[in-house]
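What follows is a set of notes on a single structure, which appears directly below.
Predicted, not measured: the structure shown is a model, and the values here were computed from it. The analysis underlying the following values was restricted to heavy atoms, covering all of them including side chains, and did not include hydrogens, waters or symmetry mates.
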Amino acid sequence: MSKANKQRKADSRAVLEARRLTPGKVFRLILKTLAFAVLVSLSVTLLSALGVPVLQNFWLQLPVMLVVYVLAYPFLMSEFRPKRAER
């Protein structure tokens with residue numbers, strides 16, 4: 001078996017292991033998501049109270065929160081990405 005095949009098999013095993021749901025991963029995901037949601041909602045509320053015009057309308061707050069969530073998605077889902085192996 002060549003070195004490339006061994007590396008490919010190791011990479012595929014790492015991907016499968018990273019995607020596996022475990023209680024610890026799910027718990028950390030829930031905690032990170034909850035903390036993130038609280039921080040974003042407090043930030044939007046504070047900025048709205050300070051008079052930022054875009055954030056004073058509820059229907060404009062939703063897209064702002066969606067954009068922030070999309071930007072934070074890689075951090076929130078980092079539990080389910082394989083760790084980078086040093087080569």
Side-chain angles (χ1 to χ4, degrees):
M1 203 184 271
S2 71
K3 188 174 182 179
N5 283 341
K6 287 181 184 179
Q7 185 62 41
R8 194 173 4 191
K9 282 188 178 185
D11 290 344
S12 66
R13 274 189 303 244
V15 167
L16 288 176
E17 182 65 28
R19 289 183 180 170
R20 194 170 58 137
L21 286 176
T22 62
K25 284 182 180 182
V26 172
F27 183 68
R28 284 188 297 273
L29 175 65
I30 290 170
L31 285 180
K32 284 196 303 189
T33 304
L34 182 64
F36 175 76
V38 168
L39 285 173
V40 169
S41 62
L42 285 175
S43 300
V44 167
T45 303
L46 179 67
L47 289 172
S48 175
L50 290 175
V52 176
V54 171
L55 298 176
Q56 290 182 348
N57 182 349
F58 173 75
W59 296 107
L60 292 176
Q61 287 177 357
L62 291 178
V64 168
M65 287 191 272
L66 178 66
V67 167
V68 171
Y69 179 76
V70 167
L71 292 174
Y73 184 81
F75 168 73
L76 294 174
M77 297 303 289
S78 63
E79 295 285 330
F80 300 99
R81 267 196 317 266
K83 306 292 184 246
R84 290 187 181 215
E86 299 201 16
R87 296 178 187 199

Under 3.5 Å, sequence neighbours excluded: what are the donor-acceptor pairs made by side chains of residues 48-74?
unit_1 : atom_1 : unit_2 : atom_2 : d
Ser48  : OG     : Leu55  : O      : 3.1
Asn57  : OD1    : Trp59  : N      : 3.0
Gln61  : NE2    : Leu55  : O      : 2.5

What pairs of donor and acceptor atoms, side-chain ones from residues 29-47 against any protein atom, are under 3.5 angstrom apart with sequence neighbours left out?
unit_1 : atom_1 : unit_2 : atom_2 : d
Lys32  : NZ     : Phe75  : O      : 3.0
Lys32  : NZ     : Ser78  : OG     : 3.1
Thr33  : OG1    : Leu29  : O      : 2.7
Ser41  : OG     : Ala37  : O      : 3.0
Ser41  : OG     : Val38  : O      : 3.0
Ser43  : OG     : Leu39  : O      : 2.8
Thr45  : OG1    : Ser41  : O      : 2.7

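Scanning for side-chain hydrogen bond (donor to acceptor under 3.5 Å, both in side chains) contacts around Glu79 gives Arg28, with sequence neighbours left out.
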